[in-house]
Amino acid sequence: MDDIETAKAILVIGSNTTECHPIIGLRIKKAVMQNDCKLIVAEPKHIRLCYYADKWLQLKPGTDVALINGMMNVMVEEGLADDPFINDRCECDRYDELKAMLKDYTPEKVSEITGVPADDIREAARTFANADNAAIIYAMGITQHTTGTDNVMTLANLAMMTGNIGKPGTGVNPLRGQNNVQGACDVGALPNVLTGYKPVTDPETREKFEKAWGVKLPEEPGLTATEMMSAAAEGKIKAMYIVGENPMLSDANLHHAEKALKNLDFLVVEDIFLTETAQLADVVLPAASFAEKEGTFSATDRRVQRVRKALDAPGEARPDNEIVADLAKRMGYEMANVEPAAVMDEIASLTPQYGGISHARLDALPDGERLHWPCPDADHPGTPILHTEVFTRGKGWFAPAEWQAPAEQPDKEYPLTLTTGRVLWQYHTGTMTRKSDGINEIDPHGHVWISPDDAEKYGVENGKKAVVTTRRGDIDIEAMVTERVPNGVIFIPFHYVESAANILTNDVVDPVSKVPEFKVSAAKVKAK
Amino acid sequence: MEQIKVEIDGLACEAPKGSTILDIARANGIDIPTLCYDPRLSPYGACRLCLVEVEGARALLPACCAKADDGMVIQTTNEKLERIRKTLVELLVSDHPMECQGCSKSGRCELQRLADKYGITESSFTGEVHEYDLHRENPFVMRDYNKCIMCGRCIRICREVQGVGVYDFVNRGFKAVPGTPYDRPMQETPCEFCGQCISTCPTGAIKARPYEDFGRVAALDMLRNACAYFKMPEEDMMKALGLESWVTRTTCAYCGCGCQLDIHVIDNKIVEITSPVMVGSGQGNLCVKGRFGYDFVSSSERLTRPLIKKKGKFEEAEWDEALSLVAKKLGDTKKKSGPDSIGVLSSARATNEDNYLIQKFARAVIGTNNVDHCARL
Amino acid sequence: MSGNGNGHAYKVVLGYGTCGIAAGATAVKEALEQEVESGGYDVDLDIAGCMGLCFKEPVVEIFDRDGCSVVYGDITAKKVPQLLEEHVGKGQVIEDWVVKKSEDPNACDGDFLANQLRVVLRNCGKINPESIEEYIEIGGYEAARKALTSMTPEEVIDEVSTSGIRGRGGAGFPTGTKWGFARKSPGDEKYLICNADEGDPGAFMDRSVLEGDPHTVLEGMILAGFAIGARQGYIYCRAEYPLALKRLDIAIEECHQKGFLGENIFGSDWSFDVKVKKGAGAFVCGEETAMMASIEGQRGMPKPRPPFPANSGLWGKPTNINNVETFAAIPWIIAEGGEKYADIGTEKSKGTKVFCLAGKVRRTGLAEVPMGYTLRQVIFDVGGGIAGGREFKAVQMGGPSGGCLPAEKLDTQVDYDQITAAGAIIGSGGMIVADNRTCMVDLARYFLSFTQDESCGKCTPCRIGTKRMLEILERICEGKGEPEDIEKLQILAGDIKDASLCALGGTAPNPVLTTLRYFKDEYEDHILNHKCAAGSCPALITLYIDAETCTGCAACVKVCPTDAITGEKKEPHVIDAEACIRCKMCLSRCPSESIIAE
C-alpha cells in the first residue's frame, strides 16, 4: 500500500476510503496533493475524497460493471489499451472476446444505465489509460452486490487492459473491511480451503494436515457464514460456536438472522461484550481484547504485524487461543500448540506463504521495516507487490462480464434505492466505538441521508425522525437532508443498533462469493 | 540513484542527490537540533535551530530545508551556531510557561529537552508573555496556546497529511498564533479528530484530552518528570524502579490498514495511544478510532465471567462449568446429528493464531468444514 | 506634453494622485469644471498623476499654445476663480502662487524639480494616467512594439544588462542577470510578478508611478515577459492603494482593447496577459516568497531560499519578480538604449533612483536623481534643507530595513555600495530626515515596533527576538533602561540578523544597530542620566514655556488634552508640570516656538 503514493492515476470505486480506511485515505490524498496524481472517484454519494478528485463519476448504485465496461470501450475505441502487456502477459483470445462484448458499451449507452455523463466516462478512461501507472482501489461498495464477483473481474479486466499489474502504484487493491480479514482467510477460516488457500477437496493437502494434526479431515467444502444462517433457519445446522462476530447487526436482513439463531438448539458466543448476538446465546464466554493478548494481524496489503499484550484482561476473561484449546481438550483433542508464538510456527510449517514468518523474526524487524507474505523461508524478504512477472495462474485471464441490474429495483411501492456503509467515527457493528464516550459525543446516533428534493417529496425534515421501510422491515432514524446523496438514493450507516440498517438490507447473495447485496435495496421513507 | 559526497563536521558522508543536510547528518549519527521539523512534513525552516554553516555560503542555512550539493563542507556546530541556538531557545522560553512539573508533556517535550541541553531554566530576555484561554471544547483535542512555539507543525500536518486544513495562523508579529476559522470550536470545523496535530506538537500546546482528563495520569506524569529531571530515558527509569514498560507496540484492531500503535498503560488502564513516527502503514498518523477509540477495552460493560443462560436469564458461571457444558452440548450434537450440523464462525477481528486454532477446532475436533468468518459482511 | 493639444487656448492639468486628493484636489477639480463652464473659458481640462511636489499639493499646471507652462501650488477651490480669471482670462501669471515656470525652472520652489533627472517619473504629472492615447502620443508602447517585432528575447536581456540597472525594490540585484536566470530556467510555464506591495513607512514612489503612469509599468512588464518567456504576469498591489488599482484596471482594459495584452501582441506570435492581485497590506508580502504564497491564496509567509523563484516560484514554476520602479525604467532603456542609461550614475550603480523625501525636510515629495548625487544634494538642493531652519541630525534610509546616517555621512554618494558601506541601504528609496528634535532611540523604537507588528510570526528570531528588542527600547525610552541593555540589544540584533528566515527579519535590527553605531551617546544619556536630549521621550522630559517669547496667543491652550496650560490673554502662559502628560501637542502648535522640551 505504501506505493499507492507513487501512482499517477487512482480509480477509487466503491470505497469511502478516507472514512473507512483513513490511513490509506491519507496515502491517496498525498498522491493527489504532492505527487500530481489524478484521482477518479466512482461513488453514488459525495464522499470526502470527491474534494480531491479530478473526476467524480456519480453512478447509480449497482451499475459498476456498466461503468467500467464503458471506460474500457473508450480505451478500445481510442487505442488506449496497453497492447504489449496484453500480448505478453495475457490470454489474447480472451481479450478478443472482451473486446467483442465491449462493443455494446458505448459511453452514451453506459450513461443511460449509470447516470454518468458520456463525456465524463471518456475523460476518466483517458486519464486512467494515459497515466504511467494507475491503481484501482475498491472495497465493500464493489463486493457487496449480487454481481460482486463480476464487479471484481471487471476491475481486473481494466487493470490488465491498461497494463497496470505488478508494478509499484498499480494493481487492483481490495480494502479489507476489518483488521484481520486477510489473516483469517490466510489461515483457513474459510469453508473451502485450509491455510494458504489450499482446497479441502485436495487429497494431498488433506493428507499433509491430517499428518500434522493427527486426525482424519472432512472432504467436502463446508457452508459459508450466510449459508450457515439459512441452514440454521431450516434446522440443518443445530449448534453454532461464534467467536467475536455479531451477525445480529452485521448480517443482511437481520430479522432473518434473528430467526436463524433463535432456531438453534445450542449457541455459544465468545466475545468481549454481551453483543446483540451474545444475548441470544446459551453460553457466553468472556474473551480478551486485542490489547490483552499476543499474536499477529495480517493487514489488507498482506503485511504481517505483531499484536502484543499491553494490559491484563478484566476479571476472568481469557484469550481465544486458551479458550478454544481448553474446549478442544474437553472434547478429547489436545492442541499441540497453544501459545501464540508456537501456533505461528505451526502455521508457518503448514503454509508456504507464511513459511518464513515467526514472532521472533517480526519482533526483530527494525522500526520502519515490514514483512509481507508470500515469505516462504526465514531468509526471504517478503513480497510487497504480487504478480510482478507472471500471474498466479500463468497468463492473465480476461473474464468479460455483462452488466446485470441489482436484485431489487426501485418500484412504485419502494421508490428509493437504499445503500449502506460506514462513517468515519464508528466501526462496523459499534461493539468497540460505541463504547467510546468521546466518539459518541461527536457522533451520537445514525442518520438516513436523503437529498433535499426527496426530503421535500416524502415530507422528511432535517434533524427529525423518519421511518425507512423495505420488504424486510422498517427502522426509525433521524434524517440528514444533504446534497451528498443524489435524488432517488438514501444512505444509512449500519453501526447503530437502535436504528440497525441491516434490518432493511437484502440477504440475496452473489452466487460465487456468497456476499449479500448490502449496497442496493428498494426502500421507502416517510416522516415519523 | 546519483550519490553525492559531503563533509559534515569533518566526517565524509555519502547520500543520494536531493537529500537535505539534515537527512544526511541524521543518517550519519550527527544530531542537529530541530523544533519545526517532522519527517512526515515538507521542510519549513521556521525554528532556525538547525542552522548550519556551509563553507562559501553567504548566510547560515537551515539544514532541514537546504539540499546538500556535492562537495559541500558543512559545520553543524561551532561557537557561533551554539550561541544562536541558545538565544533562540531562550527567546522561546521567554514566552513559554516553564511549569513543566504540571505539564503532561514533560519528559516528551522537545522544547524542554533543548532547554535542558542549553542549561536554561529561565530566559535572560523577559517581557510580555501570552495569556490565552485553554481550548477544551471537544472530547479529543485540547489546545493551550500559551505553550505554543509557532512551529506550524499542527497546521502543516492537518493540511499536508490529513488534507483538511482546520488550522492556520492568525494575527501577525508577537501576537501570531495558530487558530481555527473564526476561532470556532473544532467540532464546528471539518476536523476529523485524527489527532495528527497531537502527534506532531513538540510541546504541550496540543494534547490528547482523554489523557489530560484521566486522573491517574498524574502518576505517569510524575514518572516522566522524574525521567526529565534525571535526564534518564524512560526505559532506564522503569528498570531502575523495577517496573515494566508502560508502552507496548501493537497493531490497531480497527480497519485493515494495519497501523502500528504504542499503547500507554498505567494501572492496567490505557491512558493514551500514540503511533511511532515513520513506522508502519500510518507512518505515525492515525484516525479518530485508532487514536481515541480505546475506551472499550476498559469499559465496565466488558464480559468478565462466563455466562450460562438458565430459564432465559444469564447467570455467571465458573469456566469449568461453562466449558464442560459447551463441550458436552457440541459433543452431543455431533454424535446425534453429525459434525456438519455444527457451524463455527471465527472472527476477522481475532489474530491469525486464534483464527488458525478455531478452524483447526472446527476441522480436527468437530470434524466439519463449516467454518467461516465475516469477510463478506 | 509638448503643446496643449486639441487647439484650446490653454490646457489646465490638475494633479490628481492620492497626495493631491488628500490635499483637497477633488474640490479643486469640481471648482475648475464649474468655473470653466460658467466662465466660458477656452480651456482643455485634464488630470494627471503626482508630479512629486507633494509639499505643494494640490498642484495645477497651465499650458499655453506653445507648450510653455506654469505650475501653481497650494491651490484651493477658493483660489480657482481668481486663477482662471488672471491666468486664462487675462494672461497674467499669479507670481505668488507659482512653483515653477517652464522658461524659468528655478522660480520659487522650482529647484525641487530642476535638480532632478526624471526617467522613471518622466510622464508622472504630465499625462492623463487614465488615457492610453496620451501615453501612446508621447511614444508609449513603441519600445514594446520594437522589441516584440524586431528583437529576440536575448537581445532585450542584453540591452537591460548593458544599462546596468539594478533591482529598485531594495536588494539591488542586477536586473539583466535576474532575467537571464529566469530565461534559462527550464520549463514552458513561467510567471512574471510586479511587486507593487510598497510597504516601507514613508515610501510612496510605486504608488505615484502606478497612479501617474500605469502604462509604463505595463509596458515594462510586457518587455520582461517577452524576455524571460512568461505568458502570465501578476501585479501584486496592496488594497490600500485604491486609486492605483483603479488606474491599473483601466490601463489593462485599454491594453486589451488595443491588443497590447492578450493573444499575439503587436501582431507577433507572443501572448502575454496581466492580472492584478490585491494584497491585504501586509509588509511581509513585499518579500518575494511571501508574496507568491499570498498570490497562491496562502497566508503571506516567507519560505527559505533556495529554491529561488527563478527555479521554483509561483506554483512551483520559474518566476521573475521586479519592482514597479524597475519595470517603469525598462521602456526608456529599450527605447533610448541601455548605454544611454548606463551613462547616468556611478560605476556600479547606474541610472536614476527615485527617493521619497519625508520627515523634517522642507520640501517633501518624490525626487528622482541620478545615482552618484550626494545625500547633501538630495536633502538640501532638492529637498530644500531642514524645515523650520533647524539642524540636520540624521537621515533614515531604506525604511525599517535600513539605517540612520548622521551629518558626517552627508557627502556619501547615493550608490548601492557606498550607502551600504556607510551602514544604511538604498532600499526602496525612503529618506526620512531627522532634525535635532528627533530622538534616535525613539526613532529606532518606532521602526522596531513597525517590524514587530508586521512580522509574519514564522521564525523565532523575528517573532520573539524583535519583540524583546522592542521591549528593551521601550524601557530605555521610559528611562528604565539598564546599563547592560545596550549589550543585550547588540547580542539580540546580531543573532536576529544571522538567524532570521527572510530579509525582513534579518534587516529588522538595522535601525537599532546604526543608531547604536552613530548615536550611542543618546542611548547612554537615556539609560545613565535619564535624559532625552532631543526633548522627545515623554517620560524623560519636562515642557515649559519661554516667557520671553510667548505671545499669549493661547493656541497651546486649545490643544492641551489635560488643560495643563494656563495664562491671561496676550500674557506669557505656564505649563503645570503635574498635569502635563508631555504629549507635545502644544509644541507643534506654538507659532513662536516658545514651548521648550528638555
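What you see is a predicted model; the values in this text were computed from it and never measured. Labels below follow one simple rule: chain letters A, B, ... track the order of the sequence lines, proteins then strands, and each chain is numbered from 1.
A 4.5 Å side-chain heavy-atom check between B:Y294 and A:S436 finds every atom pair outside the cut-off. Using a 4.5 Å heavy-atom threshold, the side chains of A:V243 and B:H373 count as separate. Contact annotation: the side chain of B:E192 never approaches that of A:P22 to less than 4.5 Å [non-hydrogen atoms, C-beta and beyond]. Within the 4.5 Å cutoff, the side chain of A:M432 has no heavy atoms near those of the B:K289 side chain.
Between the side chain of A:K29 and the backbone N or O of B:Q162, at least one donor-acceptor pair lies under 3.5 Å. Within the 3.5 Å criterion, the main-chain N or O of B:C257 finds no donor-acceptor partner in the side chain of A:H21. Under a 3.5 Å cut-off, the side chain of B:N268 and the backbone N or O of A:D312 do form a donor-acceptor pair. Looking only at distances, no side-chain donor or acceptor of B:W319 sits under 3.5 Å from a matching main-chain atom of A:A317. Using a distance-only test at 3.5 Å, with no hydrogens or angles considered, no donor-acceptor pair links the side chain of A:N321 to the main chain of B:D354. Using a distance-only test at 3.5 Å, with no hydrogens or angles considered, a donor-acceptor pair links the side chain of A:R27 to the main chain of B:S281. The backbone N or O of A:A281 sits less than 3.5 Å from a side-chain atom of B:K309, completing a donor-acceptor pair.
Side-chain contact check for A:R330 and B:S324: at least one donor-acceptor pair (N or O, by modelled atom type) lies under 3.5 Å. Using modelled atom types, one finds a donor on one side chain and an acceptor on the other under 3.5 Å when comparing B:N352 with A:S298.
Heavy-atom pairs under 4.5 Å with chain A peak, among B:G163, B:G258, B:C287, at B:G163.
For B:E301 and A:R434, the salt-bridge test fails: no basic side-chain N is under 4.0 Å from an acidic carboxylate O. Of the charged side-chain nitrogens involved, none lies within less than 4.0 Å of a carboxylate oxygen, so that A:K30 and B:E160 do not count as a salt-bridged pair. With respect to B:K310 and A:D282, no salt bridge is recorded, no charged nitrogen being found less than 4.0 Å from a carboxylate O.
Partners of A:F266 by ring-ring contact (aromatic ring centres under 6.0 Å, His included), not counting sequence neighbours: none found.
In this structure, B:Y356 OH and A:T296 OG1 are separated by 13.0 Å, a value rounded to the nearest 0.5 Å.
Checked against the 6.0 Å centroid criterion, the rings of A:Y333 and B:F361 do not qualify as a close aromatic pair.
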